[in-house]
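Values below: every heavy atom of this structure, side chains too, minus hydrogens, waters and symmetry copies.
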Amino acid sequence: MRGRRRRRLVRRRRPRVRGPSFNRLIPNIMTMLGLCAGLTGMRFALDDRFGDAAVALLIAACIDGLDGRIARLLRGTSRFGAEFDSLSDFLCFGVAPGFVLYLWALRDAGRYGYLPCIMFTVCMALRLARFNASLDDTDKPKYASNFFTGVPAPAGAGLAMFPLFLGLEARKLGWDGVYAMTRLPLLPALTLSGTAFLLVSTIPVWSFKNFKVPSAYVLPLMLGTGAYAAVLVADPWGALAAAGVIYVALLPLSRRSFHKLKKEAQDLQAEDDAPETGGTA
């Protein structure tokens, strides 16, 4: 009897499955969903459903902002996930915006209409390559960890899509003149070329990852965020177009803040080196 029981217990034991846990796969699954959202946005643009294309790219941007944080929370960071995320960013934010804007207006510019799209995509690839290379830089000063070098990929895609956001808002409000202006090749060409410059530039841009908010500004910031979320739901295209203008206006302030922190760090370093220099003289 005991022998039979032992045989039954042995048969009921399930074989152990080797491999990563499902929690570690969640960030990669989210990255894949973001990639699919970017591809879906390109498909919508081919069908002249530009509003749906913009929504798909926004979903990709939201997923891109979450997958990295979720990976760190679940301790699911890996080299494969980082490379997969970079490739997904290149398609969603480097290829899709130029593709959508080409179908929106630039195809009417003839043989030269594709040049801004190429410029934007190449600069996005260079920007992502520079970002990946900077991850191995251990000599980066502490104050510089709060800043990106150049405009990040999701923000660059949003700035490039400004003519589409403005055009959708103008069509909604019945502003035929503004809508016709956004469908001309000039404005998309300027936004793509200008954003391409910002992507590969060395302008320090706030990353907001380790940004500390003073206690006195916490409540106004939360109220402002809630108000913007309400406007985004009620009037998404106008809110997104306004966000692009505000973001560009903040770039000079970000640069000034970086240089201020850099000067303070240099002054502290000089004070620390002063006694050593005086003692050796």
Side-chain angles (χ1 to χ4, degrees), residues 16-46 52-103 117-138 140 144-161 192 195-196 198-201 205-211 240 247:
R16 293 182 179 181
V17 179
R18 296 181 179 181
S21 63
F22 182 76
N23 287 344
R24 294 180 178 270
L25 296 179
I26 291 177
N28 293 333
I29 292 174
M30 292 188 64
T31 302
M32 184 181 64
L33 293 176
L35 177 62
C36 293
L39 291 170
T40 304
M42 298 171 68
R43 184 254 181 184
F44 284 147
L46 287 172
D52 295 335
V55 171
L57 295 183
L58 288 174
I59 293 174
C62 293
I63 292 176
D64 179 71
L66 293 175
D67 57 1
R69 290 170 174 81
I70 292 177
R72 288 187 289 271
L73 289 174
L74 298 177
R75 297 179 181 178
T77 57
S78 63
R79 186 65 179 176
F80 171 82
E83 295 296 334
F84 186 31
D85 182 70
S86 182
L87 292 173
S88 176
D89 289 349
F90 175 68
L91 186 136
C92 295
F93 310 129
V95 177
F99 184 84
V100 173
L101 288 177
Y102 179 80
L103 297 176
C117 303
I118 294 178
M119 183 185 302
F120 176 79
T121 301
V122 170
C123 289
M124 182 65 76
L126 294 174
R127 192 258 177 272
L128 291 172
R130 183 177 64 183
F131 176 78
N132 292 339
S134 67
L135 295 177
D136 300 327
D137 186 9
T138 58
K140 196 174 183 179
S145 62
N146 294 327
F147 296 87
F148 291 119
T149 302
V151 172
L159 293 177
M161 297 281 286
L192 284 172
T195 306
L198 293 175
L199 289 170
V200 297
S201 68
V205 181
W206 280 317
S207 66
F208 297 106
K209 291 183 179 179
N210 301 319
F211 191 79
L240 291 170
Y247 190 88

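- Looking at residues two or more places apart in sequence or on another chain, you find a side-chain contact (heavy atoms from CB on, under 4.5 Å) between Ile118 and Tyr114, Val122.
- Residue pairs meeting the salt bridge (charged side-chain N to carboxylate O under 4.0 Å, His left out) criterion with at least one member in residues 82-93, sequence neighbours excluded: Arg79-Glu83.
- For the pair Ser201 (side chain) and Gly150 (backbone), a donor-acceptor distance under 3.5 Å is absent.
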Show every donor-acceptor pair shorter than 3.5 Å between a side-chain atom in residues 52-70 and any protein atom, with sequence neighbours excluded, or say none if there are none.
from  : atom 1 : to    : atom 2 : distance (Å)
Asp52 : OD2    : Arg49 : NE     : 3.0
Asp52 : OD2    : Arg49 : NH2    : 3.0
Asp67 : OD2    : Thr31 : OG1    : 2.9
Arg69 : NH1    : Gly65 : O      : 2.6

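- Phe93 and Pro154 make their closest contact through CE1-CG, 3.9 Å (heavy atoms, listed as atom of the first residue, atom of the second, distance).
- With sequence neighbours excluded, the residues forming a side-chain contact (heavy atoms from CB on, under 4.5 Å) with Leu103 are Ala45, Leu46, Phe50, Phe99, Arg107, listed by chain and number.
- A pairwise comparison of heavy atoms in Asn28 and Phe84 identifies O-CE2, 3.5 Å as the closest pair.
- Arg127 places no side-chain N or O within donor-acceptor distance of the main-chain N or O of Gly156, the cut-off being under 3.5 Å.
- The side-chain heavy atoms of Phe131 and Thr149, taken from C-beta on, include no pair separated by under 4.5 Å.
- Counting heavy atoms from C-beta on, the side chains of Met119 and Leu192 never come closer than 4.5 Å.
- Screening residues 32-43 for salt bridge (charged side-chain N to carboxylate O under 4.0 Å, His left out) gives Arg43-Asp47 as the qualifying pairs, with residues at least two apart or on separate chains.
- With values rounded to the nearest 0.5 angstrom, Ser86 atom OG is found 4.0 Å from Asn132 atom CG.
- The heavy-atom pair separating Pro152 from Val205 by the smallest distance is CD-CG1, 4.3 Å.
- The two atoms that bring Cys117 and Gly98 nearest to each other are SG-O, 3.3 Å, heavy atoms only.
- Among residues two or more places apart in sequence or in another chain, the side-chain contact (heavy atoms from CB on, under 4.5 Å) test is passed with Thr40 by Phe44.
- Nearest heavy-atom pair, Ala96 versus Gly38, reported as atom, atom and distance to 0.1 Å: CB-O, 4.3 Å.
- Taking all atoms of both residues into account, the shortest heavy-atom contact from Val200 to Arg130 is O-NH1, 3.2 Å.
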